K.L.:
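Dropping a structure here in structure tokens format, bear with me for questions.
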Amino acid sequence: MVKKNKTPITGITVSKDEDFSAWYTEIINKAELADIRYNVKGFVVYRPWATISIKKMYQKYEELLDKKGHLPLIMPSVIPESNFMLEADHVKGFAPEVFWVSEAGSEGERLSERLALRPTSETALYKMYSYWIRSYNDLPFKRYQSCQVWRYEGKMTRPFFRGREFHWIEAHNCFATEEEAIEQVKEDMEMTYKMLQDEFCIPIIFFERPQWDKFSGAVNTYAADALMGSGKVLQLPSTHLLGQNFSKPFNVKFTDKDGEERFCYQTCYGPAISRIYGAMIAYLGDDKGLILPFDLAPIQIVIIPILIKGKEEIVMNKCREIYKKLKDIYRVKFDDLEESPGSKYYRWELKGVPLRIEVGPRDIEKKQIVTVKRHDGEKAFIKENELDKYLEDVSKKYTNELKKKTLLDFESQIEVCYEQDSAKEAIENGKIVCCGFCSIDMEAYQCAEKIEKDLGAFVRGKRVDHEKHEFATCLICGKPATCTIYIAKSY
RNA sequence: GGGAGUGUAAUGUAGUGGUUAGCAUCCAAGCUUUGGAAGUUUGUUAUCGAAGGUUCAAAUCCUUCCACUCCUACCA
């Protein structure tokens, strides 16, 4: 018999609800997602288990972008300083976070011009766009690249959530009219819902960010917020209406049908895959470890033999037989190490493998297979000849079941407030406050500052999809409300 | 950016100025096991985060740097 070890240390030892930060740190280590021992602040090693899922996320995203008419390209990772400096607001926003390459060679020779390690690629791409875009026939012009970017972040870095180097996709589009650009922003938001909610099971809401909180250089910013474990929101993909703010300094022009030169209207969209991955594992995981959508799991099905003395070969053969049958359809692992079954269960649950198959002598006698789903722990006894059908069913439904669970949760996090006191209380209880506000233009900045100071939370903006609530007055100044906004603590 | 704390083996730790830095887990090998974290025997692994300094003597005291953790501020 296998005895119980009272203090397992290979598993998660803290509860996600009680101490989210410690839980997150533990899961990063124990599920072997990232290694921070590289010892450069904000730069972490992505280990295979995370990298495989991240690549699959990229793949899904890229397929969708392709489908929506974007073409891929690859830009250099450095931007000459003179280029970087062309759009004033953009520079103001990003300059403090830029890593500069300023010397080279063993003698430390100074470069004639400093090179920015791109913190984002507007100023790299749009220089080229001015060459590539000549006429209305070139429009709409939609490009994206999957790449790393670098930002000299402050102190607080966390694997996946915030690094000084992170992995994303950036899409940069040009249009003849502002209307088309606005349509693109809508398409970006639809893509975000499709990816984040349907594929990655992260509930989000899109907000039009207040003017004081927009992307440096943009006309308007629309950002998705996700609710994380400790009652705070996390900014996920954002899409920006750039108007002609960049096309003018970068000279991105086209000749219209009447032979007149016009500046393009531009948009950019930046889903940070590494952060989305962090949000996903943080949001979906539980005290046993990771929970992953079926398509993203590096291993989808693990087969575990139950070996009883004298019957080892029967069991091993059955396992091999099942493995062989499944390996071309799913990502399957046959865990044939010399270890007790329980220890294997815990390991693969920690890793978030969606489905476990157990094969023991008793099952073989009954011609059945035992399966256990990770996300709800549901155990099923499947007739051997019905296994194919069952797995097909699980593989189709698993992610949906997961999504259903997570979506319900989100609405319950919102609390409608009419007074500052109740808003403060709601924020303290880890809720998102929904309330009336005077405006999201610069004139309302004072009210927003008061919210930051008094509530310790931030105005996330105006909900982009259908707004259910209406308010007569601004929560802070009491003036007539022009909009309904949401307030939350953020990461 | 501001504050608080921590760095000893792959991991978690003991060691508060005086031999050869102790233990557990992991890892490796053997035997017995295996329906929710197996038992046992043996073995390998540490220039004590880095660089300076104080001292007859430093993991231990001092300085600087680096990294990590938590709170706060900022972003994707």
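Protein chains get the first letters and strands the later ones, always in sequence-line order, with residue 1 at the start of each. Computed from a predicted structure; not experimentally measured.
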K.L.:
Between A:Lys333 and A:Trp348, is NZ or CZ placed under 6.0 angstrom from the six-membered ring centre and within 45° of the ring axis?
P.N.:
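No, a cation-pi geometry is absent between A:Lys333 and A:Trp348.
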
K.L.:
In what stems does RNA chain B take part, counting only runs of at least 3 consecutive Watson-Crick or G-U pairs whose two distances fall under 3.5 Å?
P.N.:
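The stems that RNA chain B takes part in, listed by first number, are B:1-7 with B:66-72, B:10-13 with B:22-25, B:27-32 with B:38-43, B:49-53 with B:61-65.
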
K.L.:
Below 3.5 Å between N/O atoms, which protein atoms pair up with nucleotides 27-32 of chain B? Just atom names and distances, please.
P.N.:
none

K.L.:
Can a donor-acceptor pair be found between the side chains of A:Tyr126 and A:Asn83 at a distance below 3.5 Å?
P.N.:
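The answer is no; no qualifying pair exists.
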
K.L.:
If I take atom CG in residue A:Asp35 and atom C1' in nucleotide B:A10, what distance separates them, rounded to the nearest angstrom?
P.N.:
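Distance check: A:Asp35 CG to B:A10 C1' gives 10 Å.
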
K.L.:
Tell me: CD of A:Glu32 to P of B:U11, nearest whole Å?
P.N.:
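Taking atom P of B:U11 as the reference, CD of A:Glu32 is at 13 Å.
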
K.L.:
Does the B:G36 base have a donor-acceptor partner in the side chain of A:Glu349 within less than 3.5 Å?
P.N.:
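Under the 3.5 Å cut-off, the side chain and the base do form a donor-acceptor pair.
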
K.L.:
With rounding to the closest Å, how many angstrom separate the C1' atoms on B:A51 and B:A14?
P.N.:
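Between the two C1' atoms, the distance is 27 Å.
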
K.L.:
Kindly say whether the aromatic ring centers of A:Tyr61 and A:Tyr58 come within a distance under 6.0 Å.
P.N.:
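Ring-ring flag for A:Tyr61/A:Tyr58: false, centres at least 6.0 Å apart.
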
K.L.:
Mind calculating the distance between CH2 (A:Trp348) and P (B:A37) to the nearest angstrom?
P.N.:
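Taking atom P of B:A37 as the reference, CH2 of A:Trp348 is at 18 Å.
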
K.L.:
Establish, from distance only, whether the side-chain atoms of A:Glu26 and A:Thr13 form a donor-acceptor pair under 3.5 Å.
P.N.:
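Distance-only check passes for A:Glu26 and A:Thr13.
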
K.L.:
Does A:Pro271 reach a base, just sugar-phosphate, or nothing at all? Heavy atoms under 4.0 Å.
P.N.:
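Here A:Pro271 touches no strand at all.
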
K.L.:
Give a yes/no on whether any side-chain N or O of A:Arg37 is located under 4.0 angstrom from OP1 or OP2 of B:U11.
P.N.:
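Indeed, a polar side-chain atom of A:Arg37 lies that close.
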
K.L.:
Going through the distances and angles, do A:Phe246 and A:Tyr129 end up as a side chain to side chain contact (heavy atoms under 4.5 Å, CB included)?
P.N.:
CA-CA 11 Å; A:Phe246 284 84; A:Tyr129 280 16; over 6 Å; no

K.L.:
So what does A:Glu312 hit on the nucleic acid, given a heavy-atom distance under 4.0 Å: a base, only sugar-phosphate, or nothing?
P.N.:
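The answer is nothing, as A:Glu312 stays clear of every strand by at least 4.0 Å.
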
K.L.:
With a 4.0 Å cut-off on heavy atoms, is A:Asp363 in touch with a base, just the backbone sugar-phosphate, or nothing at all?
P.N.:
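Base contact.
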
K.L.:
Between A:Glu384 and A:Lys325, does any side-chain N to carboxylate O distance fall below 4.0 Å?
P.N.:
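Salt bridge absent between A:Glu384 and A:Lys325.
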
K.L.:
Sticking with atom C1', work out how far B:A57 lies from B:G53, rounded to a whole angstrom.
P.N.:
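Each nucleotide's C1' atom is 15 Å from the other's.
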
K.L.:
For B:A37, is there a stacking contact with A:Tyr345, counting only centres under 5.5 Å and planes under 30°?
P.N.:
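Here the ring of A:Tyr345 and the base of B:A37 are not stacked, as the 5.5 Å and 30° limits are not both satisfied.
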
K.L.:
Report each atom pair, protein N/O against N/O of nucleotides 68-70 of chain B, whose distance is under 3.5 angstrom.
P.N.:
unit_1 : atom_1 : unit_2   : atom_2 : d
B:C70  : OP1    : A:Arg158 : NH2    : 3.4

K.L.:
Between A:Lys318 and A:Glu321, does at least one N-O distance fall below 4.0 Å, as a salt bridge requires?
P.N.:
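Judged by the 4.0 Å cut-off on N to carboxylate O distance, A:Lys318 and A:Glu321 do form a salt bridge.
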
K.L.:
Going by distance alone, is a donor N or O of one side chain under 3.5 Å from an acceptor N or O of the other, for A:Asn173 and A:His70?
P.N.:
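Distance-only check passes for A:Asn173 and A:His70.
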
K.L.:
Specify the separation, in whole Å, of atom OH of A:Tyr346 and atom C1' of B:A37.
P.N.:
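Whole-Å distance recorded here is 6 Å.
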
K.L.:
Starting at CZ of A:Phe206 and ending at C1' of B:A76, how long is that distance when rounded to a whole Å?
P.N.:
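It works out to 12 Å between those atoms.
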
K.L.:
Hey, which sits more toward the 5' end of RNA chain B by its nearest nucleotide, A:Lys288 or A:Phe94?
P.N.:
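Checking each residue's closest nucleotide, the 5'-ward one belongs to A:Lys288.
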
K.L.:
Indicate whether the side chain of A:Thr192 and that of A:Tyr269 have a donor and an acceptor atom separated by less than 3.5 Å.
P.N.:
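Their side chains do contain a donor-acceptor pair, which is all the 3.5 Å distance test asks for.
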
K.L.:
Rounded to whole angstrom, note down the P distance from B:U34 over to B:U42.
P.N.:
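My reading of the P atoms in B:U34 and B:U42 gives 24 Å.
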
K.L.:
Considering only atom P, compute the distance from B:U33 to B:U40 and round it to an integer number of Å.
P.N.:
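Here B:U33 and B:U40 have their P atoms 15 Å from each other.
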
K.L.:
How many whole angstroms separate atom CE of A:Met57 from atom C1' of B:A76?
P.N.:
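The distance from CE of A:Met57 to C1' of B:A76 comes to 13 Å, rounded to the nearest Å.
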
K.L.:
With a 4.0 Å cut-off on heavy atoms, is A:Val370 in touch with a base, just the backbone sugar-phosphate, or nothing at all?
P.N.:
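The residue A:Val370 makes base contact.
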
K.L.:
Using a heavy-atom cut-off of under 4.0 Å over every strand shown, decide if A:Gly163 touches base, sugar-phosphate, or nothing.
P.N.:
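Base: the residue A:Gly163, judged by heavy atoms under 4.0 Å, touches a nucleobase.
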
K.L.:
What is the distance, rounded to the nearest whole Å, between atom CD of A:Gln235 and atom P of B:C74?
P.N.:
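Rounded to whole Å, this separation is 13 Å.
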
K.L.:
In whole Å, measure the gap between the P atoms of B:A10 and B:U47 for me.
P.N.:
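About 7 Å, rounded to a whole number of Å.
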
K.L.:
Looking only at side-chain N and O atoms, does A:Gln59 offer a donor or acceptor that is under 3.5 Å from a partner on A:Glu62?
P.N.:
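No, no side-chain donor-acceptor contact under 3.5 Å.
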
K.L.:
Looking at the side chain of A:Arg275, which of B:U34, B:A76, B:A37 is the nearest nucleotide?
P.N.:
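Nearest to the side-chain atoms of A:Arg275, counting from C-beta on, is B:A76.
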
K.L.:
Before accepting this row, confirm whether a basic side-chain N of the pair A:Lys450/A:Asp454 lies closer than 4.0 Å to the acidic partner's carboxylate O.
P.N.:
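Looking at A:Lys450 and A:Asp454, the cut-off is met.
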
K.L.:
Sticking with atom C1', work out how far B:G17 lies from B:A58, rounded to a whole angstrom.
P.N.:
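These two C1' atoms come out 6 Å apart once rounded.
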
K.L.:
Write down the distance between CD (A:Glu165) and C1' (B:A76), rounded to a whole number of angstrom.
P.N.:
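Taking CD of A:Glu165 and C1' of B:A76, I get 14 Å after rounding.
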
K.L.:
Which part of the nucleic acid, if any, lies within reach of A:Phe458 when heavy atoms closer than 4.0 Å are counted: base, sugar-phosphate only, or nothing?
P.N.:
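Sugar-phosphate contact only.
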
K.L.:
If you measure from the P atom in B:G43 to the same atom in B:C23, how many Å do you get, rounded?
P.N.:
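So the two P atoms sit 12 Å from each other.
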
K.L.:
Rounded to whole angstrom, note down the P distance from B:C70 over to B:G36.
P.N.:
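35 Å, rounded to whole Å.
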
K.L.:
Taking the six-membered ring for Trp, are A:Tyr277 and A:Tyr46 closer than 6.0 Å centroid to centroid?
P.N.:
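No, ring centres 6.0 Å or more apart.
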
K.L.:
Salt bridge or not for A:Asp225 and A:Arg463, using N-O below 4.0 Å?
P.N.:
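No, this pair does not count.
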
K.L.:
Does a donor on one side chain and an acceptor on the other come within less than 3.5 Å for A:His90 and A:Ser216?
P.N.:
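Side chains of A:His90 and A:Ser216: no pair found under 3.5 Å.
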
